[in-house]
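Reminder, nothing fancy here: chain letters follow the sequence lines and each chain counts from 1. Because the structure is a prediction, the values reported are computed rather than measured.
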Protein chains: 2
Amino acid sequence: MEALRTYFNQFVQLSDAEWDDFKACMSKETVPKKGLLLEEGEKCNFIAFIQEGAFRFYTVKKGEESITAFFFAGDFVTNYRSFLTNKPSNHYIEALQDAVILKINLQQLQQLYNKHKTIERLGRLIAENLYLVVANRLDAFMFETPTERYEQLVKRGSKLLSEIPQYMVASYLGIKPETLSRIRARK
Amino acid sequence: MEALRTYFNQFVQLSDAEWDDFKACMSKETVPKKGLLLEEGEKCNFIAFIQEGAFRFYTVKKGEESITAFFFAGDFVTNYRSFLTNKPSNHYIEALQDAVILKINLQQLQQLYNKHKTIERLGRLIAENLYLVVANRLDAFMFETPTERYEQLVKRGSKLLSEIPQYMVASYLGIKPETLSRIRARK
DNA sequence: GCAATTCGTTGACCAAAGTCAATAAAGGAG
DNA sequence: CTCCTTTATTGACTTTGGTCAACGAATTGC
């Protein structure tokens with residue numbers, strides 16, 4: 001649990017009472033490799049903190065899988081859109097390896113928001129943060145070519161390149177595996 | 001000001017005391033047509049509610065203007081990324097017509113967050129909402145062709161089609177004016 | 001109201017990514 | 001270890017949007 005508290009600390013300092021309340025809401029779960037944490041059509045009523053393992057977040061559009069995000073140990077994993085809107089997910093969340101997560105559900109989180117102003121603030125800061133993440137990804141798709149997006153991964157030394165099969169990286173970059181292969185070939 | 005309170009009401013009910021505090025922070029400004037509300041390189045330390053007029057939010061990439069968003073009366077206008085990160089903006093905000101806005105700055109907003117739990121919540125709900133907006137736009141760029149993005153505008157009866165010159169709509173859709181012209185011509 | 005700019009359309013050509021197919025390389029299951 | 005499936009690469013060809021240029025239509029400024 002300490003990893004989670006460390007994660008929160010970058011946003012706000014929770015008092016022991018607040019943290020105790022938060023902890024009390026988290027329930028541990030395991031997901032086996034290739035297991036689905038969320039299926040298309042389900043409402044995502046949880047946010048989960050990844051203690052071990054990794055997930056891919058993908059949707060099926062026009063008959064093929066398209067990966068929107070990867071989540072690793074130390075990240076939150078959820079379909080935030082479904083969670084916020086309470087509408088069915090159009091994405092799947094699948095474990096890439098055996099995983100251990102700490103889950104909190106919507107109702108519990110709302111109670112924490114009501115009870116503790118600092119947790120309400122934490123929620124705001126996390127929402128703001130997620131805004132920045134998706135805004136950056138939008139920029140990458142609007143202003144960069146596939147080659148430039150790939151080069152960003154290389155430049156940032158992204159763990160995707162070492163831990164994720166290339167055809168999934170291609171999907172994440174919004175291109176076909178053949179194209180990524182060619183981008184890598186012309187150096 | 002009532003339009004603003006109505007806007008807030010879709011998220012939370014502010015008490016009269018909270019609303020009075022909020023109102024006290026808003027300052028009215030006018031921006032002439034083609035005037036810049038924000039320049040590239042400036043830090044965006046405000047959020048503004050548009051009473052009258054419209055704005056375009058654009059950046060210059062690889063030597064040409066690229067429009068990320070339009071804002072109309074009843075919307076908030078800000079560079080939310082710059083506002084949240086306190087880093088210089090890489091976008092301009094330009095008035096498309098003479099405009100009247102209500103501005104609040106970062107320091108004032110933070111004081112309101114500290115003072116009123118309900119306003120803290122309002123901030124969270126607005127951040128969550130902006131997340132959804134940009135996530136939807138990301139989907140449009142990841143999963144739809146330019147033609148499909150244009151057809152969405154038509155289907156939703158977007159006011160962009162009636163109020164914004166076509167070359168700006170093209171930029172917003174991420175394509176060249178020639179391409180939008182051809183999309184409209186075929187069928 | 002007229003001239004000058006800006007905007008929208010169209011055509012010919014180009015570049016980049018997709019498609020389809022063949023094959024090589026890598027990984028897993030038994 | 002070996003076979004079988006999955007993944008990565010390469011080639012030939014197609015598709016889509018971009019580029020450059022010309023021209024007509026619409027705005028705007030004086």
Does a side chain donor of either B:S89 or B:E40 reach within less than 3.5 Å of an acceptor in the other side chain?
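No donor-acceptor contact under 3.5 Å links the two side chains.
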With clusters defined by side-chain heavy atoms of hydrophobic residues (ILVMFWY) lying less than 4.5 Å apart, directly or transitively, does B:F55 cluster with B:L130?
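No; tracing contacts between hydrophobic side chains, which count when under 4.5 Å, never links both residues.
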So which pairs with a foot in residues 149-158 of chain A pass side-chain hydrogen bond (donor to acceptor under 3.5 Å, both in side chains), sequence neighbours left out?
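Pairs touching residues 149-158 of chain A that pass the test: A:Y150-A:R184.
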In residues 154-173 of chain A, which ones come under 4.0 Å of DNA chain D, going by heavy atoms?
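The answer is A:P165, A:Q166, A:Y167.
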[X]-[Y] aromatic ring centre distance below 6.0 Å:
X     : Y     : value
A:Y92 : A:F57 : no
A:F71 : A:F76 : no
A:F46 : A:F83 : no

Whether each nucleotide of nucleotides 15-30 of chain D has a protein heavy atom under 4.0 Å at its base (B), only at its sugar-phosphate (S) or at neither (-) is summarised, 5' to 3', as --SSBB----------
Heavy-atom closest pair, residues B:Q13 and B:E18
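Distance-wise, the nearest heavy atoms are O-OE1, 4.2 Å.
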Length of the NZ-P vector between A:K62 and C:dG18, whole Å:
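Distance check: A:K62 NZ to C:dG18 P gives 12 Å.
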Using whole Å, what does the distance between atom C1' of nucleotide D:dA8 and atom OH of A:Y150 come to?
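Rounding to the nearest Å, OH of A:Y150 and C1' of D:dA8 are 13 Å apart.
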Can you tell me if the side-chain N/O atoms of B:R184 get under 4.0 Å from OP1 or OP2 in C:dG8?
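For C:dG8, OP1/OP2 do not have a side-chain N/O of B:R184 under 4.0 Å.
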Expected output: side-chain A:K103 to main-chain A:F49 donor-acceptor under 3.5 Å
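Answer holds: no.
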